[in-house]
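One structure below.
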Amino acid sequence: MSALHFDTLVWHWPIAIYLFLAGVSAGAMFFAVLLKHFVLKQNAYQSGFVRAACIVAPVAVMAGLGILVADLTKPLDFWKILVFYNPKSVMSMGVLILLIYQVFMFMWIGLTFRKPVDAWCETRFPIVLKLTALLARFEATITGLLVILSLALGAYTGFLLSALPGYPMLKNPVLPLLFLASGLSSGAASSLLGGVLMNGKPNDKEVHFIHKVEIPLILVEIVLIFTFFMGLVLTGGQSKIAAFNALGYGFWGWIFWLGIIGLGLSGPLAMNLFMTATSKRKWAYVAGTACLSLIGVLLLRNFILYTGQMTIA
């Protein structure tokens with residue numbers, strides 16, 4: 001048995017990438033809404049960080065769906081999961097959430113960029129102006145539902161793994177909360193990284209706002225990880241064995257302690273605290289912190305997916 005190939009393995013790395021991308025999309029949209037309504041107001045469309053989030057979110061969720069379809073036993077029958085829904089299936093309900101989320105995501109993006117969209121379409125496609133005017137009447141409702149759907153999507157990435165029967169580590173009730181928190185963190189990181197790459201200034205008010213939210217978010221992730229494994233240990237039996245197998249000193253043990261706790265959580269936390277204490281942020285610090293956060297979340301998804309399938313009930 002190796003770290004990536006063993007007899008009890010059912011879902012492999014494409015599912016981890018899918019879970020990662022879905023979390024990035026949900027987190028990016030969540031932070032885009034926060035930036036617009038608490039920092040930028042009607043000028044949100046001018047922000048490189050909001051623009052980055054509005055590019056990352058749809059690209060990530062559609063890429064994730066593409067990976068999910070490609071991983072199906074019969075990829076050409078993918079349309080069936082978009083038409084036929086089983087309320088008892090976690091994956092089926094997740095696909096439904098994904099589709100509804102995308103509808104509200106595109107409506108919100110259209111409203112956020114209404115001014116440049118209307119200006120471009122005024123002489124070319126005047127019907128678009130009527131559509132944006134209609135949507136604007138329901139902007140508060142669209143925004144509220146988008147926030148709810150993005151949080152639901154982030155939590156769903158954890159609920160999906162519980163659909164695998166017989167794996168005590170994946171039945172942990174803390175898992176959806178952990179994946180939600182890490183998804184929000186990855187969304188913040190992707191928005192920051194995309195923003196500075198799109199000529200956003202590392203000392204802009206958007207960066208200060210995201211970092212203020214990121215610090216408690218990272219602390220919550222650490223608490224949730226501790227709670228996740230303590231719950232397994234205190235449950236005893238195969239759950240306890242699963243926890244010790246995951247945190248051992250093999251390949252996945254090094255991934256957890258050095259990759260997730262070290263690079264993915266402690267590194268960004270230390271750099272965020274350092275940047276908060278200094279008067280001016282630098283491009284390399286913001287980009288570096290964002291990259292470490294994204295690497296940490298990606299490693300966490302793979303770690304939970306693989307180690308969770310190593311021990312059966």
Side-chain angles (χ1 to χ4, degrees), residues 3-27 60-61 63-65 67-73 81 85-98 101 150-187 220-221 224-233 235 237-247 251-252 255-256 259-260 264 296-313:
L4 300 176
H5 301 281
F6 43 91
D7 293 338
T8 55
L9 182 66
V10 177
W11 286 350
H12 49 127
W13 63 266
I15 299 299
I17 302 298
Y18 162 64
L19 297 175
F20 170 72
L21 291 173
V24 167
S25 179
V61 74
L65 279 173
I67 290 173
L68 182 63
V69 169
D71 196 54
L72 292 174
T73 305
I81 65 174
Y85 295 98
N86 179 6
K88 296 181 180 180
S89 168
V90 176
M91 180 172 286
S92 182
M93 289 298 96
V95 171
L96 181 60
I97 290 173
L98 272 169
Y101 160 79
S150 63
L151 294 176
L153 178 59
Y156 152 73
T157 59
F159 281 116
L160 177 63
L161 293 184
S162 67
L164 281 176
Y167 297 99
M169 184 169 162
L170 301 180
K171 295 293 183 182
N172 196 312
V174 179
L175 187 57
L177 293 175
L178 175 58
F179 272 30
L180 171 59
S182 63
L184 294 178
S185 181
S186 65
V220 167
E221 283 185 73
L224 287 173
I225 288 175
F226 176 79
T227 306
F228 178 84
F229 283 106
M230 279 303 299
L232 292 173
V233 171
T235 301
Q238 290 298 99
S239 296
K240 183 177 181 179
I241 293 172
F244 285 126
N245 286 342
L247 299 177
F251 173 80
W252 289 113
I255 289 293
F256 179 79
I260 298 170
V297 175
L298 182 59
L299 291 177
L300 177 65
R301 295 293 199 267
N302 280 278
F303 171 81
I304 296 292
L305 181 71
Y306 277 93
T307 60
Q309 296 179 79
M310 286 183 174
T311 305
I312 59 176

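Just so you know, these numbers use all the heavy atoms, side chains as well, and skip hydrogens, waters and symmetry mates.
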To the nearest 0.5 Å, tell me how far [X] [atom1] sits from [Y] [atom2].
| X | Y | atom1 | atom2 | answer |
| --- | --- | --- | --- | --- |
| Thr157 | Ile97 | OG1 | CD1 | 10.5 Å |
| Leu170 | Ser239 | CG | OG | 10.5 Å |
| Leu232 | Thr227 | CG | OG1 | 11.0 Å |
| Phe159 | Leu175 | CZ | CG | 9.0 Å |
| Asn302 | Leu19 | CG | CG | 9.0 Å |
| Glu221 | Leu180 | CD | CG | 10.0 Å |

Output a table of donor-acceptor pairs, distance under 3.5 Å, between side-chain atoms of residues 304-313 and any protein atom two or more places apart or on a different chain; print 'none' if there are none.
from   : atom 1 : to     : atom 2 : distance (Å)
Tyr306 : OH     : Trp13  : N      : 2.9
Thr307 : OG1    : Phe303 : O      : 2.5
Gln309 : OE1    : Val10  : N      : 2.7
Gln309 : OE1    : Trp11  : N      : 2.9
Gln309 : NE2    : Trp11  : O      : 2.7
Gln309 : NE2    : Leu305 : O      : 2.9
Thr311 : OG1    : Asn245 : ND2    : 3.0

Looking at [X] and [Y], what are the two nearest heavy atoms and their distance?
| X | Y | value |
| --- | --- | --- |
| Leu224 | Leu177 | CD1-O, 3.5 Å |
| Gly296 | Ile260 | O-CG1, 4.1 Å |
| Ala243 | Val233 | CB-CG2, 4.1 Å |

Determine whether a donor-acceptor pair (N or O, by modelled atom type, separation under 3.5 Å) exists between the side chain of Tyr167 and the backbone of Thr8. yes
Are the side chain of Ser25 and the backbone of Ala22 linked by a donor-acceptor contact shorter than 3.5 Å? no
Got a sec: does the CZ of Phe226 have more than 12 other heavy atoms crowding it under 6.0 Å? no
Does atom NZ (Lys171) have a neighbourhood of more than 12 heavy atoms from anything else shown, all under 6.0 Å? yes
Among Leu21, Leu300, Val297, Leu298, which one satisfies side-chain contact (heavy atoms from CB on, under 4.5 Å) with Ser186? Val297
Does some side-chain heavy atom of Arg301 sit less than 4.5 Å from a side-chain heavy atom of Tyr18? no
Pairwise side-chain contact, Trp252 with Leu4, heavy-atom cut-off 4.5 Å (strictly under): yes
Apply side-chain contact (heavy atoms from CB on, under 4.5 Å) to residues Tyr156 and Tyr101 and explain how you reach the verdict. CA-CA 12 Å; Tyr156 152 73; Tyr101 160 79; over 6 Å; no
